[in-house]
> 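To start, I am sharing the structure in question, which I have written as C-alpha cells.
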Amino acid sequence: MDTPAQAAALGAPVERREGREKVTGTARYAAEQPRPGRAHAWPVPASIARGRVTGIDTATALDVPGVLAVLTHENAPRLSEPDDPTLAVLRDSRVPHRGWFVALVVGETLESARAGAAAVRVDYAVEDHDVTLTATHPDAYAPDQANGGYPGTREHGDPEGAFASAPVQVDTDYRVPPLHNHPMEPHATTAEWDDGRLTVHTSTQGSTVVRAVLAGLFGLPEDRVTVHAQHVGGGFGSKGTPRPDVVLAAMAARYTGRPVTLALPRRYMPSVVGHRAPTLHRLRLGAHPDGRLASLIHEVTTHTSRVKEFVEQAAVPARVMYAAPDSRTAHRVAPLDVPSPSWMRAPGEAPGMYALESAMDELATELGMDPVELRIVNEPETEPDSGKPFSSRHLVECLREGARRFGWAGRDPRPRSRAEGPLLVGSGVAAAMYPVLVQPSTAAARALPDGTFLVRINATDIGTGARTVLAQIAADALGVPVDRVRTEVGSSDLPAASLAGGSSGTASWGWAVHEACVRLAQRLAEGPLPAEGIEVRADTAGRADADSAFARHAFGAHFAEVVVDTVTGETRVRRLLGVYAAGHILNSRTARSQFVGGMTMGLGMALTEGSTMDAAFGDFTESDLAAYHVPTHADVPDIEAHWIDEDDTRLNPMGSKGIGEIGIVGTAAAIGNAVFHATGVRLRELPLTPDRVLSGLRGRGGS
C-alpha cells in the first residue's frame, strides 16, 4: 500500500484505481450493458471491392427465428450528411471497398442476428478495382498536408546537389506493410432511445466527439445525447474517431424501438475501423567522413481510400531528428479502392522512424562508425525544420544512459561476429521522438464536507491509468493525500475534454485538473467550507493549444539484442531496453506499463505483424488474430524501460510529455539493426519473418 506521503506525490507508483474491477469482471464495457429488452445487431459486409448494390433479398433473413429487422440503404433511418464520409453507412447503393457495410440484421440474440446476416443475399454491379500500391503509381500525387496538419513537402537548401557531392552516400528503400490496431475489446456500442433522447455506451477514445457527431447525424441538440465510455479495452488510435458501429447501433435502436448492442466481429474490423497504411520509403543520406550529414532526403509513398484522404506523415520525423543543412522530406499518396486508413499508435512516427533509423545504421556501417556516436555527432542545436529552440532535448543522454545499461561498449561491431552453434547473436540501436501535443479541456473540482474531493472531467481511460494519474495531479495541487480524491471520467455529461490520442491525454486533462484544483485550494484558503461544499471549473482553451515558441518533443533511445536461427530463420528478441526523456513522469508504475506496451507493439511490428492486400479480391487476407500475429508474453523475455526526469517548464503545469506512443517508435528499427548485426544481411521489408530471413541468409546479399 502507498503511504499518504507517497500517494500525494507526483511520480509515485500508485496502483490503478480500476484494477480490481477489471480483474474481478465487474468493470462493464460497451457491449456488457444490461438493458431490458436489449437486442443485438450483426452487420453484412460487401463481398466486392468496388461497385454498387443492385438488390438485397432480406426475406430469408427475416424468416430466421428471432430476427427483428434487416436495415439496408432502402429502409434505414435517414441521417444528415456526416463530415466523416466513413460514417455514411446504409445511405446509398455504392460500395467503395470490400467490407463496406451494406446491411444490418437485428435479432433477439446475438446468435439470431448472426444467422440472419448469413441469410441476407446481395446482388452487385461490379466495377474494376485497384488496390495495389507502387512507388510509381500513376495516380499518386503530392498532398498539401499530411496527417496532423504537417506540410506534405518541406525542402531546405539543395538536398539533391548536396547528396550528389557527398563523400559517403546511402541510397536505399524500405517497406512497411499495412498494420492493424486490434485492441483487446472490439469496437462495440449499446444504444438506447428514450423520449427522443439518445444514450450510448461505446468503446471510444473520446466521447465528447462522439456526442457531437451523433447529435449532428440525428439532428439533435447535444444535450439530448449522452455518450458513456467508462471502460475501454484499448484503441491504439482506431477508436480516436467514431466508427460505423456507433452510428449503426443508434440507427437500429431507433428503427426497432429497443436497446441494441453491436459488437463488431474481429474479422470485420480491418475494413471499417482504420489501419496503418503501407508506406514505401526512399532514404538518401549524404555524409562527410566524420559522420556529419550533408544531405537528408526522405520520400514516402502511401495509399489512401477513395472515401476520404488520410496521409500517413511518415517523412515528418526526419524534419526533427538530425542536423542536415540540406534536406527534403516529401509525401505522395495514391487513392485506391481500399478501406480508409487512419491512426495507429504513433502514426507517421512509427514507420517513418523505422526507415530513418535503419538508414542511419546503414550509414554507420558505410562509415565504419559506431551507430550511437553517429547519432550524437548529428545532434542539432535547434529543430532543423522550424529553427525553433527545443524546450528540452535529452536524446544524447538517453543514448549514453541506454548504452551504459545495455553494455554497448562490450559489443563487437563486426556483423556476424557472435555465434552460439546455429544461432547468430546481434545487437542494435535506434533513436525515437514523438511530438508534445496538448488540447483544450475543462475540469471541475469539488470540495466536499467530509474532507474529500471530487474531480470531474470527460477524460477517457483506455487502459492507461488516467483515473489514477488525474487523482495524483489533483492531490498534488490540493496538497492532500491521493486517497482523499475521487475522479469521475468517461461520460459526455461531464465537463468536456479532448480525446485520448496523440499521447496528449494526461497533458491536456491534467492541465485542466491542475488549474481547477489550484483555484479550489485558493477558494478554500479564503474561508470555511459551506455545508454544500464548493465547486470550481477550469477551461484551458486558448492556452493548451497555443502555438509555442519552442519545439516540444519527447525523445528516447532503444537497444535490442536478437538471436537468429540459421536453420529455421526464426528471430527471437532476448533483450529490449529503452531510455526516455519525456518530461516529468507522473506515475512510475503506469508510465513503465506504457513504455513496455509500446516496445512490445514495436516488437510485433518488427517480427510478426503484417497484412497483405489481396489484389484480386481487394481485402486484407490477415483479418483476425489467427493470421495477424501479435506478440505475447513468451515473445518478450527481458524488457526494460527507464527514463531521464526532465525539468521542462515550457509544457504544462505538471511538466509532463506524452508517453503512450514513443515506446513503439524506435523499437522496430533497433530490432532490424540488431538482425543485420547478427547476420550481416540487411533486410528492408517488415516484418522480418523466417522466410525473409532465410532468403537473406542464403543470398547473403540482403534484400
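Keep in mind the model is a prediction, meaning the values are calculated, not measured.
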> Just by distance, no angles: are the side chains of Gln472 and Asn587 close enough, under 3.5 Å, to form a donor-acceptor pair?
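Distance-only check passes for Gln472 and Asn587.
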
> Ring-plane angle category for His182 and His180, please: parallel below 30°, perpendicular beyond 60°, tilted otherwise.
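Ring orientation, 0 to 90° scale: perpendicular.
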
> Check whether more than 12 heavy atoms from other residues, nucleotides or ligands sit under 6.0 Å from atom CG of Asp638, and answer yes or no.
yes

> May I ask you to check whether His558 and Thr667 show a side-chain donor-acceptor distance below 3.5 Å?
yes

> Dump the intermediate steps for side-chain contact (heavy atoms from CB on, under 4.5 Å) on Ser656 and Leu651, then the final yes or no.
CA-CA 7 Å; Ser656 66; Leu651 302 170; over 6 Å; no

> Do Arg345 and Phe236 meet the cation-pi criteria used here (NZ or CZ under 6.0 Å from the six-membered ring centre, within 45° of the axis)?
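No, Arg345 does not lie over the aromatic ring of Phe236.
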
> With side chains defined as the heavy atoms from C-beta onward, is the minimum distance between Leu399 and Ile376 less than 4.5 Å?
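With C-beta onward as the side chain, the pair touches.
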
> Does Thr460 reach the side chain of Val232, with side-chain heavy atoms less than 4.5 Å apart?
yes

> Is the distance between the ring centroids of Tyr580 and Phe595 under 6.0 Å?
yes

> For Arg684, is there an ion pair with Glu362 - N to carboxylate O distance below 4.0 angstrom?
yes

> Can you list the steps and then say if Arg284 with Glu299 is a salt bridge (Lys or Arg N to Asp or Glu O under 4.0 Å)?
CA-CA 9 Å; Arg284 284 178 283 170; Glu299 297 163 312; 3.2 Å; yes

> Considering all heavy atoms of both residues, which atom of Ser503 and which atom of Gly660 are nearest to each other, and what is their separation?
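Smallest heavy-atom distance, with atoms named: OG-N, 3.5 Å.
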
> Side chains of Ser295 and Arg328: does their closest heavy-atom pair fall under 4.5 Å?
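Not touching, per the 4.5 Å side-chain cut-off.
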
> Within 45° of the six-membered ring axis of Phe559 and under 6.0 Å from that ring's centre, is NZ or CZ of Arg405 located there?
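Verdict for Phe559: no cation-pi partner in Arg405.
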
> Does His231 form a side-chain contact (heavy atoms from CB on, under 4.5 Å) with Asp461? I'd like the steps, not just the answer.
CA-CA 7 Å; His231 296 285; Asp461 194 332; over 6 Å; no

> Evaluate the side-chain contact (heavy atoms from CB on, under 4.5 Å) criterion for residues Thr279 and Thr301: first the C-alpha distance (whole Å), next the side-chain angles of each, then the deciding distance (0.1 Å), finally the verdict.
CA-CA 6 Å; Thr279 45; Thr301 303; over 6 Å; no

> Salt bridge or not for Arg572 and Glu561, using N-O below 4.0 Å?
no

> Suppose the criterion is side chain to side chain donor-acceptor pair (under 3.5 Å): which pairs have a residue in residues 346-361, not counting sequence neighbours?
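Listed once each, the pairs are Tyr322-Glu357, Glu357-Arg375, Asp361-Arg682.
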
> Can we say Arg552 and Glu383 salt-bridge, meaning some charged N sits less than 4.0 Å from an Asp/Glu carboxylate O?
no

> Determine whether Asp635 and Val573 make a side-chain contact, defined as any pair of heavy atoms from C-beta on separated by less than 4.5 Å.
no

> Would you mind checking if Glu401 and Arg404 are paired as a salt bridge, meaning a charged N to carboxylate O distance below 4.0 Å?
yes

> Among Pro177, Pro351, Ser342, Ser238, exactly one meets side-chain contact (heavy atoms from CB on, under 4.5 Å) together with Arg276. Which residue is that?
Pro351

> Take the angle between the ring planes of His303 and His275 and call it parallel below 30°, perpendicular above 60°, tilted in between.
perpendicular

